[in-house]
Amino acid sequence: MIAGRLLENQARRESNARTYPRSLPLALVRGEGVHLVDAEGRTYLDCLAGAGTLALGHNHPAVVAAIRAVLDSGLPLHTLDFATPVKDRFVQELLGLVPGGLDGDIRVHFCSPAGTDAVEAALKLVRIATGRRTILAFSGGYHGMTAGALAVSGPVAVRAPLGGTTSEVHFLPFPSSYRCPFGVGGAEGSRIAVRYVERLLDDPNSGIPPVAGMILECVQGEGGSNPAPDDWLRAMRRLTAERGIPLIVDEVQTGVGRTGRLFAFEHAGIEPDVVVLSKAIGGGLPLALILYRAELDVWEPGAHTGTFRGNQLAMAAGAATLREVVDARLDLHAAAAGRHLLEGLRAATAGSACAGDVRGRGLMVGVEIVDPAGEPDATGALPADGRLARVVQLECLERGLLVERGGRHGAVIRLLPPLIVTAEQVGTVVERLAAAVHAAERTRGAR
Ligand code: PMP
């Protein structure tokens, strides 16, 4: 049994810190569109999609052709950060997408090829440009695993080994209707979240030193598919702009159409100072960069360097992806398919006490699994149940559906299907996930 051998080898040779194969024991051999095939010949509908990377799904013909064309052209594959025609075209495509947003006067910095390094670059950029140190971040946020990015991320357990490097970061409450940090919920909870930040920024005794930047996700991804209200985003933009604080919007997961707009900040009509991009921007291959206002461009040559900043295959795959997303209006498709998914899941899980909340924006949807026997909190939400969510994830696997888990206690089942997912496939996702939730619910008594 080849799958068994591959999985055994992996378990024996790879690090204890490995992640996905622990919850999804898969040995993969093929990918096409929204489907993955494992070494046993089983086909899965992939709503993990490289943790939200694969906008066009697996092995999209436009992406494969773009990669082939580079390989056939004789272009050096390693080009540091030199100019190449492939890079030029990629940057052209990318800048063409940015809404008048960044004032039309934008700079691009290519980073080492992981979202986390682009976050490091963004933090460094605003600290250098403002001459200040403190960063404002949000509870529940996730920005990466290198020291600076982790320091602005919420998960305390993974941050703990960092020690002192987290001290120049202050966390603020992220609004949530379902798990309101103020125990209020709804629009009022979001208004309180704004007033709280406003008072803090203007309080000379707040304990917070002068602020170099604020970093946020418009829809928290790993934090459990938590969309920020547009009014709140506009307020964060206004409060930071009024005080000369650069706003960094982390679009690593939300970018390239996933939330129903090319960039998630467009829903609120705001203009960030820095945008962080990775995942889909490389068309499935490793690429990460920041876009920022030219006036912040005061760092010195070599201020954020790295050997692997010129991945030509990723730039070609990324340019092909951007073109396809724009030409096929996959942003609009993601908005419609996402509504269908959200409404379908709400209807299909309405009778299930374990499905506490179904939320999201575009094709970034989460179902929070709760313990129906637990004590409700101030706004009536039941305790998050990560153990039951794990059962739901396995029941999904059994039914040929790959889903991610995130959020507090790993209790949110997260769906990040490729943007090319059809209405029929959305229907299948709803059916399989609802069946998995009901099956998991039935196992509760047995626990
Ligand atoms: N920012 C966000 C919003 C993310 O979702 C992630 C990864 N899930 C990162 C940053 C880090 O990206 P990477 O894993 O490529 O370092």
Side-chain angles (χ1 to χ4, degrees), residues 15 17-20 23 47-55 109-126 135 137-155 158-159 162 169 171 174 213-228 233 247-259 263-265 267 272 274-291 304 306 308-309 311 314 317-318 321 360-366 403-408 410 412 414-417:
S15 146
R18 69 193 185 279
T19 48
Y20 294 104
S23 38
C47 284
L48 185 57
T53 298
L54 299 164
H109 184 74
F110 286 95
C111 303
S112 290
T116 195
D117 191 62
V119 169
E120 298 290 340
L123 299 175
K124 189 187 285 179
L125 179 80
V126 298
I135 301 289
F138 290 90
S139 298
Y142 180 78
H143 302 286
M145 278 284 164
T146 49
L150 196 51
V152 293
S153 298
V158 264
R159 275 176 21 164
L162 281 181
V169 177
F171 284 89
F174 192 82
M214 173 186 276
I215 184 164
L216 58 80
E217 296 157 90
C218 297
V219 183
Q220 288 186 338
E222 305 302 321
S225 311
N226 309 316
L233 283 168
L247 177 65
I248 303 166
V249 174
D250 182 342
E251 294 262 2
V252 166
Q253 195 162 130
T254 50
V256 195
R258 176 149 300 278
T259 68
F263 299 95
F265 64 75
H267 290 289
V274 185
V275 177
V276 186
L277 288 165
S278 188
K279 293 201 194 266
I281 202 75
L285 298 184
L287 192 66
L289 56 90
I290 54 173
L291 296 172
H304 196 80
F308 289 108
R309 288 178 297 145
N311 187 333
T321 299
R361 191 156 212 179
L363 287 172
M364 208 165 160
V365 168
V403 297
E404 155 116 277
R405 277 193 309 139
R408 274 104 174 157
V412 181
R414 300 188 57 224
L415 298 159
L416 295 158

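Worth knowing before you read on, the calculation uses all heavy atoms, side chains too, and leaves out hydrogens, waters and symmetry mates. In listed order, ligands and their atoms are each counted from 1.
When E120, H143, E404, K279 are ranked by how near their heavy atoms come to atom 8 (N) of ligand 1, first place goes to K279. Scanning V252, V119, L150 for the heavy atom closest to atom 4 (C) of ligand 1 points to V252.
With a heavy-atom cut-off of 4.0 Å, T116 touches ligand 1 through backbone and side chain alike.
Among I248, V169, V276, the single residue meeting the side chain to side chain contact (heavy atoms under 4.5 Å, CB included) criterion with L123 is I248.
For ligand 1 and G144, the ligand atoms under 4.0 Å from any heavy atom of the residue are 11 (C). Near D250, the atoms of ligand 1 lying under 4.0 angstrom from a non-hydrogen atom of the residue are 1 (N), 2 (C), 3 (C), 10 (C). Here is the list of ligand 1 atoms found below 4.0 Å of a heavy atom in Q253: 5 (O), 8 (N). Counting atoms of ligand 1 from 1 in the listed order, those under 4.0 Å from a heavy atom of E217 are 3 (C).
Ligand 1 is never approached by M145 to a heavy-atom distance shorter than 4.0 Å.
Not one N or O of A114 is nearer than 3.5 Å to an N or O of ligand 1, by distance alone.
Remark: the backbone N or O of Y142 is paired with a side-chain donor or acceptor of E217 at under 3.5 angstrom. Judged by distance alone, the side chain of H143 and the main-chain N or O of G148 form no donor-acceptor pair under 3.5 Å.
With values rounded to the nearest 0.5 angstrom, C218 atom SG is found 4.5 Å from L233 atom CG.
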